[in-house]
Number of protein chains: 2
Amino acid sequence: MSDQQTRGRPRVNPLFLRDEDLREAIELLFFAYRDFTGEADAVLDAFDFGRAHHRIIYFVGANPGISVGELLAILKITKQSLSRVLSQLVDEAFITQETDANDRRRRRLYLTDKGASLERQLTDRQSRRVAAAFRDAGADAVAGFRTVMRGIINEEDRDRVLRYRDEAS
Amino acid sequence: MSDQQTRGRPRVNPLFLRDEDLREAIELLFFAYRDFTGEADAVLDAFDFGRAHHRIIYFVGANPGISVGELLAILKITKQSLSRVLSQLVDEAFITQETDANDRRRRRLYLTDKGASLERQLTDRQSRRVAAAFRDAGADAVAGFRTVMRGIINEEDRDRVLRYRDEAS
DNA sequence: GAATATATGTCAATAACACTGACCAATTTT
DNA sequence: AAAATTGGTCAGTGTTATTGACATATATTC
C-alpha cells in the first residue's frame, strides 16, 4: 500500500504516547461501539424500534423512577427528540409514567413487565459479547479497561455510570 | 420469557462476572463514545460537516489510497449513503479520487492538504482526550483497555484496526 | 397573593444520515 | 461473448435529531 505520507508521522507528544497508539484507541472506540450497538439491532427490528428506543429502555431499566429531565441529561438530546420516542414507548406499554408524590410536576418513568422483558433481551445480547471479551482478557485487563474508559468520559458525568458499585460498598 | 424481576438481579452467569459488572461496561461504552465523538462536533460545525464527514475523513487519512468498497466495508453503510457525503468532500476539495493504475474500475481516495489539515484538527482533539485518560490510567491499564476493546470487536474486523503495529514489528 | 422559576409536553418546520430498489457504465475476469 | 466486479446515480422513504415558540401544571420566592 502507499503508506507513510499521512501515516509515518511520528508527531510525538509530550506524554510519550505514540501517535499510533492514540489512533489505535480512536479506532478501537469506533469499531467496538459499532459492533456492540449492532448486536441489538436484530431484536429492535422485530419490534420496529430503533436505537433511540433502546437507549431509553436501557436507562429507564437501569434507573427505575428516573425523571424526564434526568433522562435528557444522560442522553444529551432535546426534549422534543425524547418526546417522540418516549410517547411511543408509553403508548405501546413498554414504559409507564407516574407523577411524583412530592413534586407533582415530575413524571417518574418505569419499565412495565413488557418493557423489562424487552430490556432483558437487548441487554443480555450485549452482555454476552462483553462477558466473552472479559473472560478472554482476564481480570487485570478488565480493571484497566474500566479505568481507561472512565478517564475518557467527561469528568462531570463519570458518576452517572452505574452507581450500584459505590452504593453497595 | 418474563422470569424473576429485572433488577433484584443477581442473575449470575457462568463466568463469575456479576451482572452489574456487565451493565457497567455497557454504560462505559455508551458514555465514553458519546463524549469522545462529541469532542469533534464543534470543529465539524464550523465546516458545516457532520459525523459522517468525520468518519470518512478519518479513515481516508488513516488509509491513504483506500478504495470506495473498502471504505464501505469499514463504515458498514450503503454506497448511496456514502456517496452523498463523499461527493460533498470531493466537491469541496477535502478528498481527491484517483483511478487505480492497475484496475481502472477502482477509485483510490486521498486527503488533500486541506483535508489533512481538517483531519488533524479533529483527530488531535480526540487524541488529547484519550492521551489524558491513558496518562492517568498507566501503562498496564492501557494494555488491558486494548485487550478488552479488541475482544468486543467482531472477530472478522479486528484486523481492520490499525495495522501499523503488526506490520511494523 | 403575585411573580417567577421549574418540569414537562406539544406544534411546526427542518436537517443529517441512513435505508431500499432500480438501474447504468466502465472495466476486468472467465 | 458472457458474467462479475467496482463504482455511481435517481427516486423515494424512515429514523433521529435539531430549533423555536408556546402551553400547562406545579413549586418556590418575594
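By convention in this document, chain letters (A, B, ...) are assigned in the order of the sequence lines, proteins followed by strands, and residues within each chain are numbered from 1. Side-chain atoms are counted along with the backbone in the values below, which use heavy atoms only and exclude waters and symmetry mates.
Closest to the side chain of B/I77, from the set D/dT18, C/dC19, C/dT28, is C/dC19. Relative to the side chain of A/A52, the nucleotides C/dT28, C/dT10, D/dA17 differ in distance, and D/dA17 lies closest. Side-chain proximity of B/Q80 to the nucleotides C/dC17, C/dT10, C/dC19 is greatest for C/dC19. If you check D/dG7, C/dT28, D/dT26 against the side chain of B/V68, the one that comes closest is D/dG7.
Using a 4.0 Å heavy-atom cutoff across all strands shown, A/R108 reaches no nucleic acid atom at all. In this structure, A/D100 reaches neither bases nor backbone, as no heavy-atom distance under 4.0 Å exists between it and the strands shown. Among the protein residues, A/Q97 comes within range of the sugar-phosphate backbone only, with heavy atoms under 4.0 Å from sugar or phosphate atoms but none that close to a base. Contacts of B/D48 with the nucleic acid, taken as non-hydrogen atoms under 4.0 Å apart, are absent. Across all strands, A/R84 comes closer than 4.0 Å to base atoms (heavy-atom distances).
Counting to the nearest Å, the C1' atom of D/dG7 and the CD1 atom of B/I66 are 15 Å from each other. Here C/dC19 presents its P atom at 10 Å from CG of B/L82, a figure rounded to the nearest Å. When rounded to the nearest whole Å, the span between CZ of B/F47 and P of C/dA15 equals 21 Å. Whole-Å rounding puts the B/R106 CZ to D/dT5 C1' distance at 9 Å. Between the P atom of D/dT15 and the CG atom of A/L89 lies a distance of 13 Å, rounded to the nearest Å. For the pair A/R51 CZ and D/dA17 P, the computed distance is 11 Å after rounding to whole Å. B/E70 places its CD atom 14 Å from the C1' atom of D/dT5, with the value rounded to the nearest Å. Atom pair A/L44:CG and C/dA18:C1' shows a separation of 16 Å (rounding to whole Å applied).
No hydrogens or angles considered: nothing links the side chains of A/R160 and A/N63 as a donor-acceptor pair under 3.5 Å.
The residues A/E24 and B/R150 are annotated as salt-bridged, a charged nitrogen and a carboxylate oxygen being separated by less than 4.0 angstrom. Classification of B/R23 and A/E119 as a salt-bridged pair holds, one side-chain N sitting under 4.0 Å from a carboxylate O.
The side-chain hydrogen bond (donor to acceptor under 3.5 Å, both in side chains) test with A/R108 singles out one residue from A/T96, A/D100, A/D103, and that residue is A/D100.
Remark: the backbone N or O of B/V85 is not paired with any side-chain donor or acceptor of B/Q88 at under 3.5 angstrom.
Looking at B/R105, its side chain comes within 3.5 Å of the base of D/dT5 through a donor and an acceptor atom.
Between B/S83 and D/dG8, a side-chain N or O to OP1/OP2 separation shorter than 4.0 Å is absent. One finds no side-chain N or O of A/S81 lying less than 4.0 angstrom from the OP1 or OP2 phosphate oxygen of D/dT16. When the side-chain nitrogen and oxygen atoms of B/H53 are compared with OP1 and OP2 of C/dC17, one or more of them lie within a distance under 4.0 Å.
Take the nearest nucleotide of DNA chain D for A/F49 and for A/K79: the residue whose nucleotide is more 5' is A/F49. Between B/R107 and A/R104, the residue whose closest nucleotide on DNA chain D is further toward the 5' end is B/R107.
Ring centroids of B/F59 and A/F30 are separated by less than 6.0 Å, placing the two rings close together.
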